[in-house]
Amino acid sequence: MDDQTRMLGLGGLGDVGDPDAVRKQSLGQPQQDIGDILQQIMAITDESLDEAQARKHALNCHRMKPALFSVLCEIKEKTVLSIRGVQEEDPPDPQIMRLDNMLLAEGVSGPEKGGGSAAAAAAAAAAGGSPNDGSIEHSDYRAKLAQIRQIYHSELEKYEQACSEFTNHVMNLLREQSRTRPISPKEIERMVAIIHRKFSSIQMQLKQSTCEAVMILRSRFLDARRKRRNFNKQATEVLNEYFYSHLSNPYPSEEAKEELAKKCGITVSQVSNWFGNKRIRYKKNIGKFQEEANLYAVKTAVDAANVSAQASQANSPATPNSGGYPAPCYTPDGRL
DNA sequence: GCGTATGATTCATG
DNA sequence: CATGAATCATACGC
């Protein structure tokens, strides 16, 4: 029953009472006529289903119907839509803009390869670490990112498709219904906007979770920096040689660090790390490093001896030892 | 598995 | 900003 009234757009017509408008629309029809029609419409709810159907049909065929419809549309526009109009403004959501920017920056939503590799390269640069396993992590990261990217795009497409499908469906429905109840094109437009808003909020969730996934991936990738990989033997040898031969002042200059880095195939900051760790650990437990110290002292001495022998010069290498760091005690077989 | 070694990170300091 | 100190987290050798 209630359906009938709603079908005729009478749901919220308690305040229809604008006789002037109706009169103007009726183009000189007697007001009595309008009153009759309204009376009939209102009475439909009290009739049986069959009676109501018949009445509806009769009213639909009434010559006044188009005029009445347009009036009802107008009234609806003024009341319902104006109420809704208050909450109409939707400024470009800062949240979604942030998400969009981030997805773009991470290379998830941008152009195919460029963004992705750029982000990965940036991450790799941030990692600033060993170039050997860097490529492995790099490709791993890229693969994961591509996966996220693919899911994101397929989901997005799905949403978009669903949105347009649903919009079409609703629009068709409303258009169809507009034959039986007063629906203005503006209202349809508004409904479409509402649907789009709803879908974009779903999209935002997708974007948000994608962002989260990227962040997790990224943090895991950056954490990989901590995945310690020992320097190769030759590198530690070079570093130790320098350290023990400069035990009095084991603070390599920037140039020295660069050279050491180049020799060892590591970065300058890794050299700094190494020396930082070495100094503190050496100082903390000199005894433990005694053996090592002697070993390298011998080694450098031998090297120096070789060099001087090659140069056929007898000046013994100066063992630089006079600084804050305690000297190793040389064992007899060290022969020094 | 466990203890130690070791590279990296963090935080305070000057 | 370089360094020291503490700490984290993994690698490595047993």
Side-chain angles (χ1 to χ4, degrees), chain A residues 102 105-106 117-145 148 211-300 302-303 319-331 333-334:
Chain A
M102 190 187 144
E106 292 296 336
S117 60
S130 38
N132 39 355
D133 63 350
S135 60
I136 299 164
E137 307 278 4
H138 186 263
S139 66
D140 200 29
Y141 176 83
R142 228 173 29 190
K144 291 257 168 62
L145 192 68
I148 290 173
C211 273
E212 263 166 40
V214 171
M215 288 314 275
I216 289 167
L217 172 65
R218 213 180 151 82
S219 72
R220 230 184 262 155
F221 178 70
L222 290 177
D223 254 8
R225 287 186 292 179
R226 300 188 80 107
K227 263 198 175 167
R228 200 174 50 72
R229 182 128 295 206
N230 288 357
F231 301 151
N232 60 43
K233 237 180 166 148
Q234 187 246 333
T236 45
E237 217 153 278
V238 170
L239 293 166
N240 272 316
E241 251 169 58
Y242 188 98
F243 180 79
Y244 287 110
S245 64
H246 296 75
L247 205 51
S248 59
N249 186 34
Y251 296 86
S253 65
E254 202 56 32
E255 296 86 66
K257 278 185 198 169
E258 272 168 33
E259 204 183 314
L260 285 168
K262 203 154 58 169
K263 262 197 223 170
C264 301
I266 58 179
T267 67
V268 172
S269 64
Q270 280 178 305
V271 173
S272 298
N273 283 340
W274 190 91
F275 272 89
N277 285 321
K278 191 75 186 177
R279 281 191 298 263
I280 190 73
R281 282 164 186 164
Y282 179 80
K283 202 176 84 175
K284 240 182 185 168
N285 192 352
I286 297 163
K288 203 171 68 186
F289 288 91
Q290 205 72 230
E291 210 177 312
E292 192 179 69
N294 292 340
L295 195 118
Y296 280 99
V298 171
K299 202 193 269 276
T300 52
V302 169
D303 282 356
T319 34
N321 249 332
S322 54
Y325 283 82
C329 93
Y330 300 117
T331 51
D333 55 323

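Below, chain A is the first sequence line, B the second, and so on; all start at residue 1.
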Need to verify one output field. Residue with the more 5' nearest nucleotide on DNA chain C, A:Arg281 or A:Pro252?
A:Pro252
Can you tell me the distance, in whole Å, between the NZ atom of A:Lys233 and the P atom of C:dA11?
19 Å
For a quick check under 3.5 Å, do A:Glu292 and A:Tyr282 share a side-chain donor-acceptor pair by atom type?
no
Any idea which of B:dA8, C:dA11, C:dG4 is nearest the A:Asn230 side chain?
C:dA11
Take atom CZ of A:Phe231 and atom P of B:dA5, then tell me their distance rounded to the nearest Å.
17 Å
Measuring from the side chain of A:Lys288 (C-beta onward, heavy atoms only), which nucleotide among B:dA5, C:dA6, C:dA11 has the closest atom?
B:dA5
d(CG, A:Asn273; C1', C:dA6) in whole Å:
14 Å
Find the distance between CG (A:Asn273) and CD1 (A:Ile266) and round it off to the nearest 0.5 Å.
9.0 Å
Can you check the A:Lys284 NZ to B:dT6 C1' distance for me, whole Å?
13 Å
Just compare B:dA8, C:dA6, C:dT3 and give me whichever is closest to any side-chain atom of A:Tyr251.
C:dT3
Which whole-number value in Å describes the distance from A:Asn232 CG to B:dG7 P?
11 Å
When you get a sec, tell me which of C:dG4, B:dT9, B:dA5 is the closest nucleotide to the side chain of A:Asn277?
B:dT9
Take the protein atom CD1 of A:Ile280 and the nucleotide atom P of C:dT7, then report the distance between them rounded to whole Å.
12 Å
Do A:His246 and A:Pro252 touch side chain to side chain, with heavy atoms closer than 4.5 Å?
no
Expressed as a whole number of angstroms, how long is the span from A:Arg279:CZ to C:dG4:P?
4 Å
